[in-house]
Amino acid sequence: MPKIAVIGAGTMGHGIAELFAIAGYEVALVDIAEDFLKKALQNIEWSLRKLAEKGQVKEDPSVILSRIKPIVNDVCKAVEGAELMVEAAVENIDVKKKVFSEADRCAPPNAILATNTSSLPITEIAEAVRPERKPLVVGMHFFNPPVLMPLVEIIKGAYTSDETVKKIADYAAKLGKQTVVVNKDVPGFIVNRILARVNEAACWMVARGEATIQEVDSALMYKAGLPMGAFILMDYTGIDVVCFIGDAMLKRGFKSHPCPVITQKCQEKKFGVKSGEGFYKYPAPGKFQWP
Ligand code: 3HC
């Protein structure tokens, strides 16, 4: 059975690992601590049972789960014999470069090294690998929650080959996803770049007292037809992630006017669902419930 390595077992990483396991791949799932991996496997198990209840997976959840092998802090071991790595570690360029450099040393020569980064340039990340690997470095950007969201953005960095893009599109098709190829490695790619503008507009309306959080979210959901309003989606994504994406895009030339309603939440560490409170309150940290 082909092997995939997923680096980072957080919100995105565990969902990506789950998707590949559902599609029949052996998955090596890496994180820096055993506790994180334990939590990730619990989340995957919960999600698989949900999907099984609805007849959306063909195999027994325990069979799918048995294809995921947790590995503590060893990228080299995870990528050994893997045909693809998907990195979903923290949004820190130094951490990502370290993962890519290690993966480059240990993965088979033809293995593709993909990143699920939300906002960091693929070309910058590719600088961490040897020249012969650079055409195999690509963005494979999933959306939260990966098992339910239909889109994958495939981002071409300056060195990414067309063949690599094609292979990622094939993997995405095997996972049942639609793809959009992002040909220019611009800050925020397509989705996060547009979402940043929506969030900014929503946030400034609230900051200026023109509308409440609930009014903005209701308008976006019940008139604009979005599945979640801007504020509840920021809570769902993690307001810390939203702030990070905003900073990373600003540093790379995206013109924006950071809004205090968002930055204040970050300073207060009210990150949304993950901390139990953001723009709305939740029953417990990590437990989503519609407000
Ligand atoms: N696995 C399996 N089932 C899940 C699940 C998961 N990970 N997450 C939720 N579900 C289940 C729920 O338990 C619920 O099951 P039930 O019917 O048995 O009660 C069912 O899915 C429906 O969930 P909800 O009732 O909570 O609500 P919705 O019908 O609204 O669906 C949603 C949830 C699919 C998340 C929908 O609200 C949605 O599409 N929201 C927008 C999400 C989005 O835009 N994500 C992208 C964010 S941007 C991003 O990720 C980029 C990154 O770079 C930051």
Side-chain angles (χ1 to χ4, degrees), residues 1-30 40-70 78-79 82-89 111-118 122 136-156 160-183 189-192 194-195 225-228 233 236-237 241 288:
M1 215 175 291
K3 179 182 167 188
I4 304 289
V6 178
I7 314 300
T11 310
M12 298 305 290
H14 86 256
I16 296 168
E18 178 182 353
L19 271 173
F20 277 102
I22 292 170
Y25 292 91
E26 287 288 339
V27 182
L29 179 60
V30 180
L41 291 176
Q42 282 166 359
N43 286 335
I44 295 171
E45 191 172 5
W46 171 86
S47 172
L48 286 172
R49 298 221 172 273
K50 273 273 160 197
L51 298 176
E53 270 169 28
K54 297 171 186 169
Q56 290 166 354
V57 286
K58 291 193 201 91
E59 295 175 292
D60 189 87
S62 60
V63 174
I64 299 172
L65 199 61
S66 71
R67 287 199 280 270
I68 303 176
K69 307 278 179 287
V79 299
E83 53 180 49
L84 168 70
M85 172 191 85
V86 183
E87 171 278 320
I112 294 179
L113 305 185
T115 172
N116 176 59
T117 182
S118 304
I122 311 309
L136 296 165
V137 175
V138 63
M140 186 177 196
H141 184 213
F142 292 82
F143 296 87
N144 184 31
V147 285
L148 301 186
M149 301 308 289
L151 182 68
V152 169
E153 284 179 328
I154 304 175
I155 304 110
K156 263 187 104 166
T160 314
S161 71
D162 289 342
E163 199 192 337
T164 300
V165 169
K166 161 98 184 49
K167 284 190 178 159
I168 293 293
D170 292 344
Y171 282 117
K174 284 187 191 138
L175 306 181
K177 300 296 177 194
Q178 302 293 325
T179 52
V180 169
V181 177
V182 185
N183 282 299
F189 317 130
I190 296 177
V191 173
N192 281 335
I194 294 170
L195 273 182
L226 296 180
M228 283 180 167
L233 183 57
Y236 193 75
T237 302
V241 175
F288 176 71

Any L136 side-chain heavy atom under 4.5 Å of L113 side chain | no
Looking at side-chain heavy atoms only, is the closest gap between I22 and L51 below 4.5 Å?
-> yes
Say whether, by atom type as modelled, one donor and one acceptor occur between the side chain of K69 and the main chain of S66 under 3.5 angstrom.
-> yes
For the atom pair CG (L19) and CD1 (I64), what is the distance rounded to the nearest 0.5 Å?
-> 10.5 Å
Just by modelled atom types, is the F142 backbone N or O under 3.5 Å from a matching donor or acceptor in the K177 side chain?
-> no
Is any NZ, NE, NH1 or NH2 atom of the basic residue among K166 and D170 found under 4.0 Å from an Asp or Glu carboxylate oxygen of the other?
-> yes
Determine, stepwise, if the pair V147 / K50 fulfils side chain to side chain contact (heavy atoms under 4.5 Å, CB included).
-> CA-CA 11 Å; V147 285; K50 273 273 160 197; over 6 Å; no
Could you tell me whether the side chain of E45 reaches within less than 4.5 Å of the side chain of P61, counting heavy atoms only?
-> no
Grab the two heavy atoms, one from S118 and one from N192, that are nearest each other, plus how far apart they are.
-> O-ND2, 3.1 Å
Do you know which two heavy atoms are closest between A17 and L29, and how far apart they sit?
-> CB-CD1, 4.0 Å
Could you tell me whether a side-chain N or O of S47 sits under 3.5 Å from a main-chain N or O of N43, the two making a donor and an acceptor?
-> no
On a heavy-atom basis, the closest approach of H14 and A40 is CB-CB, 3.8 Å
Atom CG of L48 and atom CD of E59: how far apart are they, to the nearest 0.5 Å?
-> 10.0 Å
Could you check if a side-chain atom of F20 sits within less than 4.5 angstrom of a side-chain atom of L84, using non-hydrogen atoms only?
-> yes
Do E153 side-chain atoms and I190 backbone N/O form a donor-acceptor pair below 3.5 Å?
-> yes
Any donor-acceptor N/O pair, T160 side chain to V137 backbone, under 3.5 Å | yes
Find the distance between OG1 (T164) and CE (M140) and round it off to the nearest 0.5 Å.
-> 12.0 Å
Backbone of P2 reached by a side-chain donor or acceptor of E83 within 3.5 Å = no
Rounded to the nearest 0.5 Å, what separation is found between the OG1 atom of T179 and the NE2 atom of H141?
-> 14.5 Å
Mind listing the closest non-hydrogen atom pair of A111 and A82 along with its distance?
-> CB-O, 3.4 Å
Neighbour count above 12 (heavy atom, 6.0 Å) for E163 CD = no
Heavy-atom donor-acceptor pair, N144 side chain to T237 backbone, under 3.5 Å | no
Please examine the side chains of F189 and V180, heavy atoms only from C-beta on, and report whether any two atoms are closer than 4.5 Å.
-> no
Report yes if some heavy atom in the side chain of D162 is under 4.5 Å from a heavy atom in the side chain of K156; otherwise report no.
-> yes
Of the non-hydrogen atoms in V138 and I155, which two are nearest, and what is the gap between them?
-> CG2-O, 3.3 Å
Please report the shortest heavy-atom distance between I7 and A78, naming the atom on each side.
-> CD1-CB, 4.3 Å
